[in-house]
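Bear in mind that the values here come from a model prediction, so they are computed numbers and not experimental data. First the proteins, then the strands, lettered A, B, ... as listed; each starts at 1.
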Amino acid sequence: VSNKSFRGCGPRTVWRLKMWQHKGLSRSETAILASIPKVREAYAVTIHDHLRESNPGSVISLGSIYFALEKLEDYGFVSSWPASPTIERGWRAKRCYGLEGLGKRALMESVGTANQIQDLILDVWGPEWAKY
Amino acid sequence: VGKVLRVEPRVEAARPGPPRRVEAFVGFLIPSDCREVVLGDLRERYTSFRCYLIDVLFVLPHLIASRIRRTSDLRLFLTEALALYGAFLGVAYQLEGARFLNHKWSVLRLTIPTVAVLMGLALVDAYDSTGVRSLRKILLEVTLCVGFASLVELALSAVDRELVLTRPILLYAGILSVALVAALRIMFPEDAGRFRGA
C-alpha cells in the first residue's frame, strides 16, 4: 500500500496501516479477505462456514473471525453494513462485510509475497520441495 | 392518513434456540456494541445447548480482546501504569520505609494491584459503548477498578499473605490511584478517531 493510500486518514489509521505494512496480513486474515467476495452474504457465520468447507484442515474459530473482521475494518480493508434480521437469528440484525479497494491490494500483495517465497524455495531447493 | 397501521405479529422461530435466560446472560457478557449481531450469529449456529455454550466460551474472549484493542489508547495505558505503580510504591515507602523495598516479593506485591486496576480499566473501556467521559463517570469507573484490585488482594491473601500489600498501604494508595488516574483520564481527551462501531 503506497503512501497515497494514507490520504484523508487520521493519525491512528495511518499508524495502523504502517504497522500492517510492517507485519503484513496473517494467514487467517488473508483467508478471511479472500473468502468475502466468494460468499453471497458475507458475515461472520457464512465466512466461518465457507472457510471450514473450503479448507477442512484449518481451524479458524468464529471468535477469531470477529477479531480479524474488526481489525480489517479498522485498516479500511473491508466495509460493513447492517443487514436485515431473519427468523432463524431470532430477529436479530446481522453485519455484512464487503471487500474494499485497499483490501484487494493488500490481498494481492500477500499473494505476491507468497509467490516470491515459493519461487525462492524452487530456486534454492528445487521443484521437489515445492510439493510440500 | 390517520389510519392506524396494523402491525403483523412476529412469527416465533420454529427452529430451537437457546433458553431465554441463558441468552440474556450471554448478552450481558457480550460488549454492547456488538451484542445484537453476535447473539444473532450464535442463535443461527444453534444446534444444541452444549454446542451453544462451547461457541460462547470460544467467542467471548475474542470479542473482549477485540473491543480492548479498539478502545484502548497505548499512550494513556502506559501513563496510567506508571502512575499506579508510582502511587503504590510511594505510599508503601512512606508507610514502611526501606523495609518494604527489602522484602523479597516487593516488586510483585506492587505489580499485582497495578495490573488488577489496569485490567479493570481496560474492561470498563471495552464495555463502555458511549465513549463519553464525564468527571463523575471517570471517578466511578476508577473507584470500581481500585475496588476490584482490593478484592484481588483479598483473594490472594487467602493463598499467601506475603504477596499482598498491607491494608493501610492499599487504602491510601487506592485513594491516591483514584485521584491520579482520574486526573490523567481528564487530561488525555478521548481519541476522536477511536472506532467504536461494531
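- With respect to B:E23 and A:R92, a salt bridge is recorded, a charged nitrogen being found less than 4.0 Å from a carboxylate O.
- Note on A:L62 and A:Y97: separate hydrophobic clusters, where clusters join Ile, Leu, Val, Met, Phe, Trp and Tyr whose side-chain heavy atoms are under 4.5 Å apart, directly or indirectly.
- Heavy-atom minimum distance, B:R69 versus A:F67: CD-CZ, 3.8 Å.
- We find that A:E70 and B:R67 are joined by a salt bridge, their nearest charged nitrogen and carboxylate oxygen being less than 4.0 Å apart.
- For A:R52, the CZ atom sits in a packed shell: over 12 heavy atoms of surrounding residues, nucleotides or ligands are nearer than 6.0 Å.
- The residue among B:P61, B:A65, B:G17 with the most heavy atom pairs within less than 4.5 Å of chain A is B:A65.
- B:L57 CG to A:S61 OG: the interatomic distance, rounded to the nearest 0.5 Å, is 12.0 Å.
- To the nearest 0.5 Å, atom NE2 of residue A:H48 and atom CG of residue B:D55 are 8.0 Å apart.
- Surrounding CD of B:Q94 are at most 12 heavy atoms belonging to other residues, nucleotides or ligands under 6.0 Å away.
- A single hydrophobic cluster is seen to contain both A:L102 and A:Y75, as judged by linkage of ILVMFWY side chains at heavy-atom distances under 4.5 Å, directly or through other members.
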Could you go step by step and tell me if A:E73 and B:R70 meet the salt bridge (Lys or Arg N to Asp or Glu O under 4.0 Å) rule?
CA-CA 11 Å; A:E73 194 179 9; B:R70 272 189 163 181; 3.4 Å; yes
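- Residues B:E44 and A:Y43 form a side-chain contact, since some pair of their non-hydrogen atoms from C-beta on lies under 4.5 Å apart.
- Residues B:L170 and B:V115 are members of separate hydrophobic clusters, defined by side-chain heavy-atom contacts under 4.5 angstrom among Ile, Leu, Val, Met, Phe, Trp and Tyr.
- Environment of OH in B:Y127: crowded, with over 12 heavy atoms of neighbouring residues, nucleotides or ligands closer than 6.0 Å.
- A salt bridge is absent between A:K94 and B:D41: the closest approach of a Lys/Arg side-chain nitrogen to an acidic carboxylate oxygen does not fall below 4.0 angstrom.
- A:K71 is not listed as a side-chain neighbour of B:S66, based on a closest heavy-atom distance of 4.5 Å or more.
- Linking Ile, Leu, Val, Met, Phe, Trp and Tyr residues whenever their side-chain heavy atoms come within less than 4.5 Å places B:L74 and B:L118 in a single cluster.
- When heavy atoms are compared at a cutoff of 4.5 Å, A:S64 approaches chain B by way of both its backbone and its side chain.
- Both the backbone and the side chain of B:L39 come within less than 4.5 Å of a heavy atom in chain A.
- Hydrophobic clustering (side-chain heavy atoms under 4.5 Å, transitive across Ile, Leu, Val, Met, Phe, Trp, Tyr) keeps B:V159 apart from B:W105.
- Note on B:R45 versus A:E88: no salt bridge recorded, every NZ/NE/NH1/NH2 to OD/OE distance being 4.0 Å or above.
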